[in-house]
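Below is one structure, written out as structure tokens; the observations come after it.
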Amino acid sequence: MPDVTFTVDGKKLTAPAGTLLIDACRKAGIEIPAFCYYPGLSLQAACRMCVVRQEKVPKLQTACTTTVAEGQVFITESPEIAQARKATIELLLGNHPLDCPVCDAGGECELQDMTFKYGAGESHYVEVKHHRDEQQWSPAVFYDRPRCILCYRCIRMCGEGMDVWALGIHNRGANSVIVPNDHQQLDCEQCGMCIDVCPVGALTSGSYRYKTRPWEMSHVSTVCTHCADGCKVTLGVRSTNDGAEIVRADNRDKSGINNDFLCAKGRFGFDFVESPDRLTQPLVRNAAGKLEPATWEHALRVAAAKLKEIRDARGGAAIGVIGSDRTTNEENYLLQKFARTVLQTNNIDHERTTDYAAFAHALAGTAGKTASLRDISSACAILLVGGNPTEEHPLLAWLLRTNVRLNRARLYIANSKPIKLDRQAKATQELPPDGFKSLAAFLDQGTSDFSKSLQAEESLVVLFGEEFRGEAVENLVAWGLKRGNVRFAYLGDHSNSRGAADMGLFPDLLPGYVPIEAPGAFAEYPNRPAAPGKTLPQMLEAASNGELGALLVVGANPVSRAKLDHAALKNTFIIVQDLFLTETAALADVVLPAASLYEKSGTVTNTYGDIQMVRKAADRAGVKPDFEILVRLAGAMGVDVSTLVPFGKRGTTGDLGQSRGAQAGEADRHAVWLEANNLEPKLSPFDPLALLDEIERLVPGYTLDRINLFAGNDVHTKLEATPGFVPVQALSNPDLIVPAHDTLFTSGTLGQYSTALKQLTQHQAKELAETAAD
Amino acid sequence: MPRLVSHPDEIKLVSRRFGMGATNIDRYLELGGYEAVKKCLAQGPEWIVEEMKASGLRGRGGAGFSAGMKWSFVPKQSAKPKYILVNGDESEPGTCKDHLIFLHDPHAVIEGTIIAGLAVGAKMGFIYLRGEYRYLLEIMERAVADAYDRGYLGKNIFGSGNEFQIITQTGAGAYEVGEESALMESLEGKRGVPRIKPPFPAVVGLYGGPTVINNAETIATVPQVITMGAQAYAALGTPRNGGTRLFCISGHVERPGVYELPMGYNLKKMIYEVAGGIRGGRKLKAVVPGGSSTPVLLPEEIDIGMDFDQVGKAGSMLGSGGVVVIDDQTCIVEFALRTISFYAHESCGWCIPCREGTDWLKKSLTRFHAGFGTDADIGNMQYLAENMLGRTFCPLGDAAAMPTIAFLKKFRKEFEDHLNGTPCPFAREGVPQLTVV
């Protein structure tokens, strides 16, 4: 649309013709109040708050439905307009319970703000207010009808945004009420978006309600720890006797690619942090064979002594290291560096849920062929093969829906089962369960309407799930590359499994998928062993056979998924760093209580390759971040830790203002600038960002746009494996890939410790049973 | 069956077949039925639209928009199907004319719908009756079935090669769906709430297609206009207000009923001569000239011609033709309460000023009429109504605010008489007090 010029409050503004006046004004910094208007959702014009005066038009007009045209003249603030808005607020307050002192939204309520601005300080009414008792619709959602102003945001968010359509209206006129789909219960995805968009305290969250006053919280902007989409999340944090607790998670500042979207896990599943099962003291197995609490010094000394003893006596090959899909990039990088340079072993792996190595191999020698979430959210055409994003990648599903709805993107889905996103698809293609391997050949035949439409697309983003491993990934990528103008994303599990792979938690690949045998690779690593090590199953097998002297497990629970004779592991000295006494930790000789992702700083990379900052929000006495634990372990082994972590004057600091008490989710701008310009001296070897320089320098694809990263934005990394690289074992066995198959309410081991997620699972199981009974 | 009335001043066009058994298709044909549509088939769409424009026929639903103009807004070419929608959701208190048309002359509605379809190039028409007219649906459906049997509806109407289908539908009992866009929502099976305009129905209407929505009386008038010719029709009324219309005279008159009178007919004459004057020789207190949403007129204001322009000049509206006559033994506060109770009950709840405003007006008036009003109430009610006026999503809010403002302004003394615990001055033996639920 061509630009037009119009006048608002005497100012000349320019915007494309047809832009909504309310949007054009907001862009120009002119705030027009509105309850029902919500960007991206259908228009209502129901609240009548955004009324403005348009020249030559007799009645006041709603700015949310007025489109701008050349030469129009508007007034957005005048006594007449202020009176109209005030009268509307008076009407709302007439039936409102005015229970602000106990309302969750008190202090962050749009009705309060508007009343403050337009001053509806006096009530004209003496009659009894309408009252209805509060209802609990699910463990996550409560509805307080008297507070509701009927802006219908929740209904539209649920229907248009989530494609769930679980909310509607009953009755009419002043008796109108919002109702859930299953009598008085909500049968839905429990995302809590309805609560999020509610401008008042009508919809409240089961986990947050009556817990705190909003102004008692600090807000920390970090990244969700659950799935591999990496939503930005703002954690509301409050001090406690033994640290700081998280009381709420949302993303109201709309930062990040997820804007205000969060799923049930991101919004409610943070409570695993507060689980009573949390380990807060190191445990060491005593002479009687029982785990007993110990001091950090003691536990680290025992672990370090054993690792040193085995390395020196039997060589590094007798030690195995298993890393995590949830720890930060810095921690994963440090772990493999520690394994290779200190423990002298290449026996390092992680619980692979996705075949990123095959993906890297398939893309070797190309550039710019990976799709970031931002690419996906603006792509014209998308091919989704395998997977079920609604369950496993809620943000991706949200972005696909939004892209189809608002930008008319064309979504093609090929899958072996129907999925919810089929409803947004332009075309779908059913595949036999084993049809993924031969998908490329099928698409090439071009006889079906599906492949014909695909071929007609000028550009394409290809998203594929864990059904693709090894050769299937190679085939699909080769098909796409041949087709041209294509980008790919591989849908994995867990918040940093991509980071674990990128940081080289492989027995045969160094960070950035550099083959361990590549000449000159990582030359600055002192004395790293040259031969590839063992994969995770091989390590467990060796341990069962008594061939492995020690096993260091960081944030992983391999015992839970492997068929193992626990007794056979008795000759292996097991050290576990974890939040909980997992099945693996229960077998350990030393258990070191680790901090969760919400209790540390660093970076994580989502499955699309977008790297983001993680900032410390909560705190828990007794636990330590895995980064610090590794540095201390190395120190206790007598290593000069500055060889592992360049600190002091040799590096930069990156605590991003936490030491200065940066508040409200904002990065400390001064720190960001110093950081970006490499000016601030590093003080601590426990600062994970001390390693960021080294990661940028040594890991292919991790050349970062730092200013954007530190400002809290997502930065796309590049998957740039050397052409012709030959992985030794990583590619050879697709059976190494064990997908998590998480649902909307499960999150691997972590999710088992979330009360909120467990309640939601039970609620949904009940709903499902009732539906089946009907 | 309701009693039919008549008066020598009437010019019976729309009502000419009332009481003559025209629900029977053969009888309708005997009475000259389906001749207009044949004329239209011969003359073509442009001619029909021009005739309608020249006839000065203005919408009988209440807004009074020129029917011919409305039809001319429909785009000639459209990717989506075009529709004719007959608004038979007659719900305005005081209005009962469409009811008689459906009851006595259903084929006139069908014939008018076909003509409208020919004019704009639509192949499908919907006749939508209010939910409470469910008993009329049978008559309408019988008539539609007969028209199909005779080949007047279907793939090849009157052997002309033109297609036209009609579907009948009732609402579920909501005044709001009388508003054209809410009617479309309702017809599509959704909640009856109005749509944002623009786009207007002529461009994006039912199921997204260009749609002509006309009141049932307007549509039933169309065959008459075609038969007698636009000029002759227009000449019956006043300038810019062509023809006749059905006036529904109710309230305290000797001979209430529906009379077809030329546009511009004097209101005073209508009350005192046509309807036989005030019942029991009492005195006139007030007149609501065009359905309950129109501002009330005082006895000294009624010497006016009943057309859209003259009533507008007098500070009210011709509206839907529902003339409600109020005698001097009626309590205006009670009348206002009755009126606002209706709108509070019928507000769809979509927008804040109407949803909350009608509710508070009803609450305040209930208390006020019961004798518990305060000095501040009169001002508060006026403030509330004035702040609803022109601020609501659709005209329902105005429909509630306008009469309230007029009652408060023109009968302030009567409101003041209810103050200070005084019982309603009109309360008397044998007249039950209004209780509003």
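The sequence lines fix the lettering, A, B, ..., with proteins before strands; numbering per chain opens at 1.
For chain A, no part of Glu176(B) is nearby; none of its heavy atoms comes within less than 4.5 Å. Interface residue Gln83(A): backbone and side-chain heavy atoms are both found under 4.5 Å from chain B. Using a 4.5 Å cut-off between heavy atoms, Trp350(B) touches chain A through backbone and side chain atoms alike. Proximity to chain A is absent for every atom of Tyr343(B), based on heavy atoms less than 4.5 angstrom apart. Heavy atoms of Thr374(B) lying under 4.5 Å from chain A are absent altogether. Arg191(B) touches chain A through its side chain: at least one heavy atom from C-beta onward sits under 4.5 Å away, while N, CA, C and O do not. Residue contact with chain A, scored on non-hydrogen atoms closer than 4.5 Å, involves the backbone and the side chain of Ala174(B) alike.
Glu346(B) and Arg172(A) are joined by a salt bridge, as a carboxylate oxygen and a charged side-chain nitrogen come within less than 4.0 angstrom of each other. Lys117(A) has no carboxylate O lying under 4.0 Å from a charged side-chain N of Glu110(A), or vice versa, which leaves the two without a salt bridge.
Highest contact tally toward chain A, considering only Val193(B), Thr358(B), Thr392(B), Asp377(B), is held by Thr392(B) [criterion: heavy-atom pairs under 4.5 Å]. Options Met381(B), Glu356(B), Arg355(B) differ in how many heavy-atom pairs under 4.5 Å they form with chain A, and the most are formed by Arg355(B). Interface check for chain B: of the options Leu150(A), Asn175(A), Thr65(A), Thr88(A), the most heavy-atom pairs under 4.5 Å are formed by Leu150(A). Among Gly94(A), Ser176(A), Pro58(A), Cys36(A), the residue with the largest count of heavy-atom pairs under 4.5 Å with chain B is Gly94(A). Ranked by heavy-atom pairs under 4.5 Å with chain B, the list Thr67(A), Asn171(A), Ile169(A) is led by Ile169(A). Contact count versus chain B (heavy atoms, under 4.5 Å) is highest, among Leu91(A), Leu43(A), Thr62(A), for Leu91(A).
Environment of OH in Tyr383(B): crowded, with over 12 heavy atoms of neighbouring residues, nucleotides or ligands closer than 6.0 Å. By the neighbour-count criterion of 12 heavy atoms within 6.0 Å, atom NE2 of His131(A) is densely surrounded, having more than that number from other residues, nucleotides or ligands.
Side-chain rings of Phe342(B) and Tyr175(B) approach one another, their centers coming within less than 6.0 Å. Taking the ring centroids of Phe200(B) and Phe73(B), they lie at or beyond the 6.0 Å cut-off.
Within the cation-pi definition used here (under 6.0 Å to the ring centroid, within 45° of the axis), Arg130(B) qualifies as a partner of Tyr133(B).
Side-chain contact between Pro97(A) and Lys129(A) is absent, with no heavy-atom pair separated by less than 4.5 Å.
Remark: the Gln54(A) side chain and the Gln61(A) side chain contain no N/O donor-acceptor pair separated by less than 3.5 Å.
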